Amino acid sequence: FGTSDIRNNPELALQTNNQVIDIHGNILDSICQPDPNTYFCKEMRATSWSSSGLILYPMFGAHVERGTQGIGLFNYNTFERQVVFNEDFFGLNQIYHIQWHPHETSFYFTTGLGFYQYHLHTGTRTKLRTSCNSRLYYSFSVSSDGSKILVTRRDIVDWEDFFSGQLASQETYIVLMGSNGYGEQRIEFPNKK
């Protein structure tokens, strides 16, 4: 729906929402909290749902004031929202991926600047790996015991013309590291035959 359609008929916003489905695709619930200024549901993208019903999601657009972004926490049991952190948005800190640590005392997230762990009790953010013009960490998965992380890494192998941003070649692969970011090693997959 367009913004003008929703302004003219705010009920349309209820049709664009986050839905809870079971593993068979059956809709179980709908999570929508329309923003009073835009009438849009406060979407939750790139979320991570803990076993206790806590959902982490990036906050931008209708969630926060203009020019900022951060991470929010939605309690599915009480439908309450809270801000974990909020900061000025300057492009490279856009949040791509979020995942809880299995113990639910911290979570991991990636941005264009790096791969981070955020400790909920202390509010400490630790940069585990740095992203830059030639290296980007994005999608990842945390092991069930919380000791290892698989991360997709993209390396710019060669710039045809660095100043014009012309990319000559890049390489994408999976790396394995400890949950503290140490011991990064490339995972080699066998060639298909």
Side-chain angles (χ1 to χ4, degrees), residues 3 16 18 35 37-38 40-50 54-74 81-101 104-143 146 148-187:
T3 304
T16 58
N18 300 100
D35 182 89
N37 299 315
T38 64
F40 282 109
C41 281
K42 294 184 177 180
E43 296 177 64
M44 294 184 288
R45 299 183 203 166
T47 59
S48 179
W49 195 330
S50 74
L54 300 175
I55 303 171
L56 292 165
Y57 62 96
M59 300 185 316
F60 49 86
H63 295 286
V64 291
E65 60 185 79
R66 188 180 220 67
T68 66
Q69 67 107 44
I71 292 182
L73 184 64
F74 178 77
R81 293 175 189 264
Q82 70 183 65
V83 174
V84 177
F85 70 80
N86 194 29
E87 60 194 5
D88 289 340
F89 178 67
F90 53 90
L92 289 175
N93 62 337
Q94 178 177 341
I95 297 163
Y96 296 118
H97 191 93
I98 303 172
Q99 188 172 346
W100 281 105
H101 183 280
E104 298 180 23
T105 57
S106 67
F107 61 87
Y108 300 93
F109 66 97
T110 57
T111 73
L113 295 171
F115 184 45
Y116 299 86
Q117 183 176 19
Y118 186 91
H119 300 273
L120 286 170
H121 300 299
T122 62
T124 305
R125 183 186 327 192
T126 306
K127 184 183 270 190
L128 303 179
R129 308 301 283 169
T130 299
S131 291
C132 58
N133 285 342
S134 62
R135 177 181 60 236
L136 176 67
Y137 294 91
Y138 51 104
S139 299
F140 63 93
S141 179
V142 180
S143 65
K148 302 273 186 210
I149 302 172
L150 279 174
V151 185
T152 303
R153 176 175 163 166
R154 185 176 68 205
D155 290 346
I156 307 303
V157 178
D158 188 24
W159 290 92
E160 189 173 291
D161 180 358
F162 180 81
F163 295 105
S164 69
Q166 294 296 315
L167 194 61
S169 62
Q170 65 181 358
E171 185 179 17
T172 302
Y173 51 96
I174 305 294
V175 294
L176 178 68
M177 64 180 73
S179 60
N180 57 5
Y182 294 117
E184 179 180 321
Q185 58 184 349
R186 183 174 176 158
I187 302 296

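It should be emphasised that the depicted structure is a prediction, and the values quoted were computed from it without experimental measurement. Just so you know, residue 1 is the first one in the sequence shown, and it goes up from there.
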Taking only residues two or more places apart in sequence, or in another chain, which ones meet T130 in a side chain to side chain donor-acceptor pair (under 3.5 Å)?
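If we apply the side chain to side chain donor-acceptor pair (under 3.5 Å) test to T130, skipping adjacent residues, there are no hits.
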
Answer yes or no: is there a side-chain heavy-atom contact under 4.5 Å between [X] and [Y]?
X    : Y    : value
F107 : I71  : yes
V142 : S179 : no
W100 : L54  : yes
Q117 : H119 : yes

Rounded to the nearest 0.5 Å, what separation is found between the [atom1] atom of [X] and the [atom2] atom of [Y]?
X    : Y    : atom1 : atom2 : answer
L56  : L120 : CG    : CG    : 7.0 Å
R81  : M59  : CZ    : CE    : 10.0 Å
T124 : H121 : OG1   : NE2   : 11.5 Å
R125 : L128 : CZ    : CG    : 12.0 Å
Q99  : S106 : CD    : OG    : 11.0 Å
E171 : D155 : CD    : CG    : 6.5 Å

Using the test ring pair (Phe, Tyr, Trp, His ring centres under 6.0 Å), find all partners of F140 that sit at least two apart in sequence or belong to another chain.
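F140: ring pair (Phe, Tyr, Trp, His ring centres under 6.0 Å) contacts with H97, F115.
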
Might you point out which heavy atoms bring V175 and Y173 nearest each other, and give the distance in Å?
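Closest heavy-atom pair between V175 and Y173: CG1-CE1, 3.5 Å.
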
Residues forming a side chain to side chain contact (heavy atoms under 4.5 Å, CB included) with [X], sequence neighbours excluded:
X    : result
T152 : Y138, S139, T172, I174
N93  : Q69, E87, F89, F90, L113
S131 : L136, Y137

Aromatic plane relationship, Y118 with F85 - under 30° parallel, 30 to 60° tilted, over 60° perpendicular
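Tilted.
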
Per the salt bridge (charged side-chain N to carboxylate O under 4.0 Å, His left out) rule, what does the pair list look like for residues 132-142, sequence neighbours excluded?
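Applying salt bridge (charged side-chain N to carboxylate O under 4.0 Å, His left out) to every pair that reaches into residues 132-142, excluding sequence neighbours, yields nothing.
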
